[in-house]
Structures are given as C-alpha cells and as structure tokens.
Chemist: 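Dumping the structure here so I can ask a few things about it.
Values below: all heavy atoms of this structure, side chains included; hydrogens, waters and symmetry mates excluded. Sequence lines set the chain letters: A, B, ... in the order given, protein chains first and strands last, and positions in each chain run from 1. Computed from a predicted structure; not experimentally measured.
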2 protein chains.
Amino acid sequence: MAQAVRHDSMRAGNLAVVLGELDRHGPLTRAALAETTGLTKTTVSKLVGDLIEAGMAVESGTVRDGERGRPGVAVRLSGHRVAALGLEINVDYLAACVVDLSRTVRLLRTQAVDNRAASPADVITRLGELATAMLADAAGLGLSVAGAIVALPGPVDRSTGSVHRAPNLGWRDVSVTESLSLPLPLLVDNEANLAALGELWFGSGASLGDFLHVSGEIGIGAGLVVDGALFRGAHGFAGELGHVVVAPDGPACRCGGTGCLERYAGQDALLPAGGEIAELVARLRAGEPAATAACERAGSALGVALTTAVNLLDPDTIVLGGIFAPLFPWVSGPVEKAMRERLGQMRARVPALVVSRVGADGATLGAAGQVIQRIIADPGAFLLEVTDPS
Amino acid sequence: MAQAVRHDSMRAGNLAVVLGELDRHGPLTRAALAETTGLTKTTVSKLVGDLIEAGMAVESGTVRDGERGRPGVAVRLSGHRVAALGLEINVDYLAACVVDLSRTVRLLRTQAVDNRAASPADVITRLGELATAMLADAAGLGLSVAGAIVALPGPVDRSTGSVHRAPNLGWRDVSVTESLSLPLPLLVDNEANLAALGELWFGSGASLGDFLHVSGEIGIGAGLVVDGALFRGAHGFAGELGHVVVAPDGPACRCGGTGCLERYAGQDALLPAGGEIAELVARLRAGEPAATAACERAGSALGVALTTAVNLLDPDTIVLGGIFAPLFPWVSGPVEKAMRERLGQMRARVPALVVSRVGADGATLGAAGQVIQRIIADPGAFLLEVTDPS
DNA sequence: GATATTTAGTCCACAACATAGACTAAATCG
DNA sequence: CGATTTAGTCTATGTTGTGGACTAAATATC
C-alpha cells in the first residue's frame, strides 16, 4: 500500500523518468535530459547507458542545439528489441498486433470470423493460434515481447481476467486469461477503454488534452483519458455512455431502464432493419431523407448525453469513434448544436468535437500500447526480467 | 514535469510514507511501521525521530501486540503543533475553522451575514478579519498554521484564485487570493468539491470507498472522491450535477439549456414560493401532500441524474448532502427506486445511498482538511519551512 | 589559422540515505 | 531464574546521486 522509496526503487524511478521524457519529448541529448529531469549529467549518462544496454534506447546522430559548443548526441527510444502484443476478440473478427517500444506498429493481422456462432472456448483457441503465430513472427524480427492485453467487447474484471456479460458475443462469465495460455504476462481490458488509449497513442494523441473517446457500436461505450491515463471509476465500469438517460419516459432498453442513449444512437437504432453502416453511409451520400433524419435524431440524443458527460467529466475534447467515425459528417452538426446551446453560456469553452483517427484497429493497438506504457512507466521491472533469466 | 528522485526527495518521500501510514492506520509502533512500509527498523526510527522533533508525531504509551516480547511504543499523529485554516464564503454566512494535523477540529466560527447585499471587497475584508482573529486564537493554542483554503460557491480557477461566476453571490471574476492578504499560503476551491472532502475526513470517511457527494443548495454540485482524492476533470469543472439533462424538453434553465436537474431538484424548485428548507421539513413532518409530492418529483429527477452519474463515474457510494440531508427521508425512496430500476440489471451492485454526516460546515472543514492532506502528503516541504526560517 | 569561448559528456572523490546484522532492552513462558 | 520473543538502537557497509574537475568537439574572434 504505502510504497517506500529505497535505493533500488530510486534507481527504477529515475530510469522511468528518463525513459518517459524520451517517450514524450522525442530525441534528446544527455545534457537536455539532465536539464529537464533535474538530475546531474553524470547520473543521466549512467541511466542512459543502462537503457541503451537493455535495448530500450539508442543514440541517433548528433545535434547542434545552440549556436556554439560541442554538439550533443541525440538519444531516442528504440523499438528494435522490446515489443508488446495486442489482441482483440470482437463480434465478427479477431485481431492481433505487435507494437514496439517506440510505439511503431510492426505487425497487424485481422481475421474475419463470426464469433457469435462459435463457443467461447473455440474462439479463445483460435485467438491463441493467432497470438502464437504473431509471437513467432515477432521473434523473427528480433523482438522480445514483454506482455499482452486482450480487448473484449463488454465489462471485464481485470483482476480475474474475465468478462461478466458480453451481450453482443453472447458470453457470460468467461475467463480469458485462464483459458488462454501464452508464454507471457496476459491481461484483459474493455474494448472501449482500449480504443480511447489507441486514439491517444496511435491517433490524434496528446494534442487532444484530456478527452472522452466515444465508441459507437451496437452498444455505446466511452473512455475518459485524463493526464495520459484512463479514468476507470471504483469498479472499472466508468464511461457507460450508452445508458446515460436521454429521456426518462423513452423506450425501454435491454438494461432495464428507459430512454437510454443506446436506444437513440446505437447501431440498432440507426439501422432498425439491420444491415451495415456502409450501406447507411451510401444512402446518406445519396441524400436519402429518411437516413438524414435518422442521423439527425441520433446526433441530437448523442448531443444531450455528451452535454451531461461534459458537465460531469469536464474533458477538453470529445472524439467520436466506432460507427460515429464514418457518420461524423452527418451527426456532428446536431451534436455540436446541442452542446453549444446547453454549455455555451456557463463555460468559457465548449469541448471541441473531432473524429477518431484510428479506425477499427483502435482497441487492438491500444491494448499493445497499454503494455508498452507499463514498460515505460517501470522499465526497472522489465530490465530485471531481461537481464536476470531466473 | 518529470520528477526525478534524489537523495533528499527519497527522504521526503519516506517521511510522507511513514506519516501517511500513521494517518491512515492509527497509532503504530516503529516495528509495525517497518513491516508495513518495507523499510528497515533503523530507517523508520530515524524518520519517526524527525517527525517527533518537528511536532508532527508523538509517542503515546506502550502496546503489547503479540503474546510475548518487549512491548512497543505506539507512535501517532500529533496535532499539538501543526494546523490549517479553513475558510468559507457563502450566500448568507462566513465561516472559519482551525483543524490540527490529527484532523481534530480545534476552532470553528460562523458569522451570519447577507453577502449578496455587500460588495465582494467588503465581504473579503470581513473574511480577512475573521481569519486574522482565528489565527490569533490558534497561536494562543500553540498552533502553527501552515496554510489556508477558501471555499467559494461557484466554479473557481485555482491557479489564479478567482471565481469566474458565482451567480448566487452575484460575483463575476473576483480574485480572492489577490484581495485577501494573510501571512500564510492561501488557495481557493469550489464549495461542492470541499464538501465532498469534508465528508471524507470529518463525516462517514473512508468507509464509503469511492463516493460521489451531492451538495444540494440553490444550485446542485457534486464532488467525486476516488482513492482519497478529488476527481476534477481537465479544467476543474467536473461534477456539475445540477446541469445534467433530466428531460431534454423540460423547462429552461439559467444555464441556457433545458430540463437540467437544478430545475427539478434545486432549492428554488422545492420551494417555488421561497422560504427555508426547515419550513419544508416541518410541512413534510405534518404530512402535507403538496410537500410530499414536491419531494417525490425532486427525488425521481435526482434518481435519473444519479443513474447517469453512476454510469459515467462508477462510484461505490452516493452521499446526499446540503438541502438533501434534512430531506433525506423523503427523497431517498424515489432516488433509490430510480437507481434500482435503471441500474439493477446491468450491475452486480447498485451504489449505496447514504446521508451526509457533516452538516453545513462540510466545506469549511474540507478546506482545512485539504491543507492538512497536503502537509501529510509532503511533510518534507513543511519541515523545511519550520526548521529553516529563511 | 591560432586562440578563446561555449557546450557535451566523462571521471573521480564525496555525501546522503537506506541496509544488514550485532547488540541492548523489556516483556512472557516454563 | 533462565530461555524465548519482540522492540528498538548502534555501527559498518553498500548503493545511488552530486559536484566539480576534466576531456572533447564545435563556433567565434582576432
């Protein structure tokens, strides 16, 4: 609980500080690192030496920063050795990616499968095969994969690695970490959460400030990123935007309530007759009035729900992802209108509304990125793992 | 930004760990501290010695923990030297309190004044007089006051110490820290936020887990406490529960929107003809149907807004404070009904609904408590201040 | 073109802090 | 009364960062 600082953790902390600085502020010389971290040049040199030895950083050319003086050697994160595996189980596909320490996507593979038709055990077996193939390919690239996270479309218990209920998959109480055995640390997380992190590291990124990322699918989830980390709430179920009440007397929702956002702006509300979002986009492009009206309705409801979310969570930016990304041109107007009307008078600035820049792979990439984030936040633990093969 | 660990900050960090442990887990022997912190007995002894010398801890009797062996000396937080000042400006009163390091309330004074009638400058002058008197009394008790926080009824900019708009006071862009000059560090914060912290430290406390504290007044604010700290959002305006949309087509609100919770459950909605909450309680006790119906309506609306808040913020517990504390017996039913209906099916556990245990002084006490919290989180800084009179 | 100046990075003696284990102190058990 | 157990202190030691002297490599100045 209370974490005391000792000599070894002091060192680990300083390694993390240096690596974090390299991660956030690009290539830096040792002198610049000493300045920004407040450590002495001597200390920085030693720490950088360790990081280079561990394959987590490399020197990359010289830089003349000022006008005069000896040029410095730029040091940057190196992705040539350390990597992470991101996995995703979704309704109609499996996906896996390998991302290296510099957050470069090295491998990405998607497999279209109808996972509703298969049993959870079969799905997990298939994911295991995909993961094993990816690990082999990663080894071929000389990468050492430090860990993996599985993205799941439903509320998860991260401590047990299980999904309580994933209605879209038809799963109940399935433990993924128990069934999936891979030769590395494995965790699970919610797809909407990881999509938000995917946007942070592989999309518009830090320019968004603190943002709320909306994942529209059949359900509607959201992930709030504050200071580069997810806000999860007490039990990890924060960000359930789909069941925000838009109209207390509205239609019944599968959650037991009435008038939830999902009933107005979920995929089933936009496509009551079924079908693909791509078809809806085609009808919208053709200017079909019924399609435009449906988006108008969904956008207004989404605007009301997001107004509420802004009042409670206070983000800088709102990112629309999932099905709302292709529909952005048609829903953004009503959403912005609702937010301006309801927030404009009280707040100096209404949060900006932008479209997600990562596509369907957001959650898969976010999963791998989260593993990388953990390594950067505590390189000492990983260093031990690599150098000490006990 | 990136905070490196050096020898001095290692020491400061360990002082904070020991003091934090004493704060959370009551009186402890040096041996017990060594066990829980992971530090050696030698180190703990040195740290405890420093804390005792600084007047932040004291030895208090011996304890026989096990069956055999030498009994240990219990060490606990001491409030005899270090204290903090909490201040509050509200619509119809000023308040000040002095709380010591062990979070004992040593002084508390309230002054009934109609602050809407006076100019901001006059109000602040009067608060300054109250604060100066409190500081003199604290000095008389041998207390050294380390800092102060002013609670204000409106959104504040904590970096400049100013309120942008406090509609209930009729204030616009008033900087309190600039106008109020006291011989100690002074900060400002929002009343609803500080009331939540007041509940944490002077009310039901840590038994609540992560909780959302609702401050019902003319407006309705809320403060979310996660892991013993306030969730503030990107700009510090999180928790604006009063403007959560309960019915998109509802009555217009002063915020520019329509159907905000405030219009259904704020003080003006419960008492459309004006008057005091105490009178409403009397009518409720008498069983007056109109009064009961008003609470029913307010409770249902509050239940809808809280359902939404739970979906987005995921707290363990919801605490009703402000005007909802005396009205609790009449509003809690409808609130719980709404939450059970709308959340019961999706969640294993619907958050518990409890009444606030701190009264009107919650924000004032929370203000002082927040200063104490800062000292406990970084005793090193305070130690320097005391021992080094530069 | 030689020298001064500036900046980067390394080296070495030193200081700060925590550690490990021996030691003393004070209780209960047999 | 001695053996055992637990609390707390003392001393030598180890790890880590510091500060300043030093070397290295560039530009500026004359």
Side-chain angles (χ1 to χ4, degrees), chain A residues 2-18 21-22 27-53 57-76 379-380 383-384 387, chain B residues 2-18 22 27-53 57-76 379-380 383-384:
Chain A
Q3 265 321 309
V5 187
R6 288 141 56 173
H7 282 125
D8 50 353
S9 51
M10 171 162 71
R11 185 123 236 277
N14 284 338
L15 273 172
V17 165
V18 168
E21 204 64 24
L22 288 177
L28 289 167
T29 64
R30 291 171 175 80
L33 279 169
E35 179 133 15
T36 56
T37 61
L39 296 163
T40 60
K41 289 188 292 176
T42 312
T43 306
V44 168
S45 280
K46 273 192 285 190
L47 293 168
V48 167
D50 283 5
L51 290 174
I52 289 176
E53 202 180 340
V58 280
E59 300 190 334
S60 66
T62 56
V63 279
R64 270 184 303 285
D65 207 32
E67 294 297 299
R68 297 218 277 258
R70 171 178 167 179
V73 179
V75 177
R76 58 172 175 76
L383 242 145
L384 268 178
T387 53
Chain B
Q3 264 321 310
V5 187
R6 287 140 55 172
H7 283 128
D8 49 354
S9 51
M10 171 163 68
R11 184 127 238 277
N14 284 339
L15 272 174
V17 165
V18 169
L22 289 178
L28 288 167
T29 65
R30 291 172 176 79
L33 279 168
E35 178 133 14
T36 58
T37 62
L39 295 163
T40 61
K41 289 187 291 176
T42 313
T43 306
V44 168
S45 280
K46 272 191 287 190
L47 293 168
V48 166
D50 284 5
L51 289 174
I52 289 176
E53 201 180 341
V58 279
E59 300 190 334
S60 65
T62 56
V63 280
R64 272 182 304 284
D65 208 30
E67 294 297 298
R68 297 215 278 260
R70 168 179 170 180
V73 179
V75 177
R76 59 172 176 76
L383 242 145
L384 268 178

Chemist: Measure from NE2 on B:H7 to P on D:dG19 and round the result to the nearest Å.
Modeler: 11 Å
Chemist: What closest approach, in Å, do A:R30 and A:V75 show between heavy atoms, and which atom pair accounts for it?
Modeler: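 For A:R30 and A:V75, the tightest heavy-atom pair comes out as NH1-CG2, 4.1 Å.
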Chemist: Heavy atoms, side chains only, cut-off 4.5 Å: are B:L39 and B:L33 in contact?
Modeler: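 No; the side chains remain at least 4.5 Å from each other.
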Chemist: Are B:T43 and C:dC17 close enough that a side-chain N or O sits under 4.0 Å from OP1 or OP2?
Modeler: no
Chemist: From CG of A:L15 over to P of D:dT15, roughly how many Å is that when rounded to an integer?
Modeler: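 Computing the A:L15:CG to D:dT15:P distance gives 16 Å.
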Chemist: Would you mind telling me which of C:dT19, D:dG8, D:dG17 lies closest to the side-chain atoms of B:L39?
Modeler: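 Comparing C:dT19, D:dG8, D:dG17 against the side chain of B:L39, the answer is C:dT19.
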Chemist: Picking from D:dA25, D:dG8, C:dC17, which would you name as closest to the side chain of B:R70?
Modeler: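 Nearest nucleotide to the side chain: D:dG8.
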Chemist: Taking atom CZ as the centre, does B:R6 end up with more than 12 heavy-atom neighbours from other residues, nucleotides or ligands that are less than 6.0 angstrom away?
Modeler: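 Counting neighbours around CZ of B:R6, 12 or fewer heavy atoms of other residues, nucleotides or ligands fall under 6.0 Å, so no.
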Chemist: Closest to the A:K41 side chain: C:dA18, D:dT18, C:dT10?
Modeler: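 The listed nucleotide nearest to A:K41's side chain is C:dT10.
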Chemist: Write down the distance between CE (B:M10) and C1' (D:dT16), rounded to a whole number of angstrom.
Modeler: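 After rounding, the reported distance stands at 7 Å.
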Chemist: Just the rounded figure in Å: distance from C1' of D:dA7 to CD of B:E35.
Modeler: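 That distance rounds to 13 Å.
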Chemist: Nearest to the side chain of A:R11, heavy atoms from C-beta on, is which of D:dG17, C:dA8, C:dT10?
Modeler: D:dG17
Chemist: Give me the atom names and distance for the closest heavy-atom approach of B:R11 to B:D50.
Modeler: NH1-OD2, 2.5 Å
Chemist: Do A:N14 side-chain atoms and B:V5 backbone N/O form a donor-acceptor pair below 3.5 Å?
Modeler: yes
Chemist: Rounded to the nearest Å, what distance is computed from the CG atom of residue A:D50 to the P atom of nucleotide D:dT15?
Modeler: 14 Å
Chemist: Does A:T42 place a side-chain N or O at less than 4.0 Å from the phosphate oxygens OP1/OP2 of D:dG17?
Modeler: no
Chemist: For A:L47 and C:dT10, give me the distance from atom CG to atom P, rounded to whole Å.
Modeler: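 After rounding, the reported distance stands at 12 Å.
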Chemist: Measure the distance from CG on A:N14 to P on C:dC17 and round it to the nearest whole Å.
Modeler: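 Interatomic distance, CG of A:N14 to P of C:dC17: 15 Å.
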Chemist: Which nucleotide in the set D:dA7, D:dT15, C:dG9 lies at the smallest distance from any side-chain heavy atom of A:R30?
Modeler: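 Closest of the options to the side chain of A:R30: C:dG9.
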Chemist: I want to verify a distance call: between C:dT19, D:dG17, C:dC17, whose nearest atom is closest to the B:T40 side chain?
Modeler: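 The nucleotide sitting nearest to the side chain is C:dT19.
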Chemist: For B:V44, which contact category applies under a 4.0 Å heavy-atom criterion: base, sugar-phosphate, or nothing?
Modeler: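 The answer is nothing, as B:V44 stays clear of every strand by at least 4.0 Å.
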Chemist: Between A:G38 and B:A74, which residue's closest nucleotide on DNA chain D lies nearer the 5′ terminus?
Modeler: B:A74
Chemist: Between B:K46 and A:K46, who's closer to the 5' end of DNA chain C by nearest nucleotide?
Modeler: A:K46
Chemist: Judged by each residue's nearest nucleotide on DNA chain C, which is more toward the 5′ side, B:D8 or A:S45?
Modeler: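 Result of the comparison: A:S45.
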Chemist: OP1 or OP2 of C:dC17 less than 4.0 angstrom from a side-chain nitrogen or oxygen of A:R6, does that happen here?
Modeler: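 Looking at the OP1 and OP2 atoms of C:dC17, neither is under 4.0 Å from any side-chain N or O of A:R6.
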